[in-house]
Amino acid sequence: MTGVEHHIKECCMEREQKPGRRALLGAAALGAGAMALSGAGTATAAEPRTAPGTATRTPGRGHELPVPTVIGHRGASGYRPEHTLGSYQLALDLGADIIEQDVVPTKDGHLVCRHENDITATTDVSAHPEFADRKTTKTVDGTKLTGWFTEDFTLAELKTLRAKERIPGNRQRNTLYDGRWEVPTFEEVLQWAEREGRKRGRRIWLYVETKHPTYFRKLGLGIEERVAKLLRRYGRHRQDAALFLQSFEPSSIQRLRKLVDTPSVVLLSTVDSQPWDFVEANDPRTVADLVKPDGLKWIASFAQGIGPDLSVIIPRTADGKLGTPTSVVKDAHAAGLILHPYTMRNENTFLPADFRRGSDPNAYGDAFGAFKAYFATGIDGIFSDNADTALLAAADFRK
């Protein structure tokens, strides 16, 4: 029996001994053990974490999220070109609990939704001869890139482009929708969420990431102030807002905490990596340091959760299979933090080797088996390109 199989067996035995009840995540406290905020930039002590399978609510708050929470990664990017209103709409229609946006600025200071400021692979910019001279080479967070970048375009110019599938080799069917949608602004997404909320009679949850904040601040295009301004305009700046802020740079979350009370999450890449703001500041800590109890306690002093790479929760073995789960879930919960790791996708090429099926790397593997392994660790939610699959898998852990 592998480490993962043993962990799943223990989890299932524990669940059978408890009354099956739907777990809920409170809007302001962000679930069991999350930090209750008393004001911008301050945090009170963590509340006790309740046992799995019990209901958690924040007094005076009328909205909860189910646990495990399903986050539509860049919308429904398994089925539509990512970060388009079409992708966001489908994720919502499929039932995703939260819809994710990544934001980057334009030359004239508007925030648009793109996974990266490099728009070469996600738009038809290369087919626009009028922008041929904008192609350039830049170094972003230590990586040299050649292409077209949002900070070299005004919003009006970006609006002449159309979005396309980022990985057509893996998702050929998604190319059917190339050219249907333009690049949305963050404000347009906030307006879309308001319309959908009125239509459905409930709040629409969003998950907003500041991309490359140190890089953009050096260009005079600070993201945090622009995000905060829009959050205040649309009433999503309070601690009970139906929105999470996220960033791979802890200093970006710290900056946002001084501007708004909106719940926030620190994203963490692989254990051997460093946040880019740490590199810039000559801070020697790595993700491996941040997921130790002292590092998690530090994060809990200004954020309510972490969003680690799935390999931080269950490392892969040398042959690409899932190994033994780490103690990160237990340690993060002990620090009062929620965990929303990333990213689950259905295709073989993205799954651990023990859940791949057949020889076609783009065919679907045993995604349900992989979801079960990850949910069994006790994570509070997960980012997925395929919200419908994730929701079916999560249902077994919500009873």
Side-chain angles (χ1 to χ4, degrees), residues 25 30-35 65 67-75 77 82-83 91 96-103 115-116 141 205-213 223 227 241-254 256-257 262-278 285-292 295-315 325-326 328-333 335-345 350 371 374-375 377-385 387 390 394:
L25 186 65
L30 307 185
M35 301 287 272
L65 287 169
V67 177
T69 306
V70 171
I71 303 142
H73 185 237
R74 309 176 197 173
S77 52
E82 65 189 35
H83 289 311
D97 302 306
I98 316 179
I99 316 298
E100 186 202 30
Q101 297 77 45
D102 299 323
V103 295
H115 175 55
E116 295 289 345
D141 293 2
W205 280 76
L206 304 177
Y207 218 127
V208 182
E209 180 183 349
T210 58
K211 301 293 295 191
H212 310 299
I223 298 179
V227 167
L243 189 143
F244 289 94
L245 293 166
Q246 57 176 337
S247 183
F248 278 101
E249 297 187 19
S251 62
S252 182
I253 297 300
Q254 291 174 317
L256 284 162
R257 292 299 308 127
T262 310
S264 55
V265 169
V266 174
L267 298 171
L268 300 169
S269 189
T270 54
V271 290
D272 58 348
S273 67
Q274 274 190 294
W276 184 252
D277 54 342
F278 283 20
R285 289 177 296 172
T286 65
V287 168
D289 297 310
L290 294 180
V291 295
K292 292 177 181 176
L296 293 167
K297 183 179 179 181
W298 175 74
I299 291 174
S301 70
F302 60 88
Q304 290 68 56
I306 58 172
D309 184 276
L310 282 168
S311 64
V312 176
I313 305 299
I314 308 180
T326 67
V328 170
V329 174
K330 175 179 66 70
D331 294 341
H333 284 164
L337 295 166
I338 59 168
L339 296 96
H340 289 162
Y342 67 92
T343 302
M344 263 295 296
R345 300 175 169 99
F350 303 114
F371 271 116
Y374 290 123
F375 285 145
T377 65
I379 57 175
D380 301 286
I382 199 164
F383 286 81
S384 176
D385 287 8

Go through the steps to decide whether L65 and V67 satisfy the test side-chain contact (heavy atoms from CB on, under 4.5 Å), and finish with yes or no. CA-CA 7 Å; L65 287 169; V67 177; 5.9 Å; no
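- Between the Q274 side chain and the R285 main chain, a donor and an acceptor come within less than 3.5 Å of each other.
- Heavy atoms only, all atoms of each residue included: G307 and V265 are closest at N-CG1, 3.4 Å.
- Proximity of a side-chain donor or acceptor of T343 to a complementary backbone N or O of F383 within less than 3.5 Å is not detected.
- Y207 places no side-chain N or O within 3.5 Å of a backbone atom of R74 that could act as its donor or acceptor partner.
- Not one N or O on the side chain of E209 forms a donor-acceptor pair closer than 3.5 Å with the backbone of S247.
- In this structure, OG in S384 is found 11.5 Å from OH in Y374, a value given to the nearest 0.5 Å.
- When every heavy atom of I99 is checked against every heavy atom of A96, the shortest pair comes out as CD1-CB, 3.8 Å.
- A distance of 8.5 Å separates CZ in F302 from OG in S251, rounded to the nearest 0.5 Å.
- Rounded to the nearest 0.5 angstrom, Q101 CD and L243 CG are separated by 7.5 Å.
- Put simply, the residue from I306, V271, L290, V329 that forms a side-chain contact (heavy atoms from CB on, under 4.5 Å) with V312 is V271.
- Using modelled atom types and a 3.5 Å distance limit, the side chains of E82 and H73 yield no donor-acceptor pair.
- When every heavy atom of T262 is checked against every heavy atom of Q304, the shortest pair comes out as O-OE1, 4.5 Å.
- Between D380 and I338 the shortest heavy-atom distance is OD2-CA, 3.3 Å.
- In this structure the side chain of H83 reaches within 4.5 angstrom of the side chain of D102, judged on heavy atoms.
- Here the CG-CG distance, from L296 to D289, works out to 11.0 Å after rounding to the nearest 0.5 Å.
- Across all their heavy atoms, I253 and V266 have their closest contact at CG1-CG2, 4.2 Å.
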Dump the intermediate steps for side-chain hydrogen bond (donor to acceptor under 3.5 Å, both in side chains) on S264 and Q246, then the final yes or no. CA-CA 6 Å; S264 55; Q246 57 176 337; over 6 Å; no
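- When each of V291, D309, L339 is checked for a side-chain contact (heavy atoms from CB on, under 4.5 Å) with L268, only V291 meets the rule.
- With rounding to the nearest 0.5 angstrom, the CD1 atom of I379 is 7.0 Å from the CD1 atom of I313.
- Taking NE2 of H212 as the reference point, atom CZ of F248 lies at 9.5 Å (rounded to 0.5 Å).
- Classification of the F244-H340 ring pair by plane angle, with boundaries at 30° and 60°, yields perpendicular.
- W205 and D97 make their closest contact through CB-O, 3.4 Å (heavy atoms, listed as atom of the first residue, atom of the second, distance).
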Tell me, with the steps shown, if M344 and L310 meet side-chain contact (heavy atoms from CB on, under 4.5 Å). CA-CA 8 Å; M344 263 295 296; L310 282 168; 4.0 Å; yes
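- Between F371 and F375, the ring-plane angle classifies as parallel under the 30° and 60° cut-offs.
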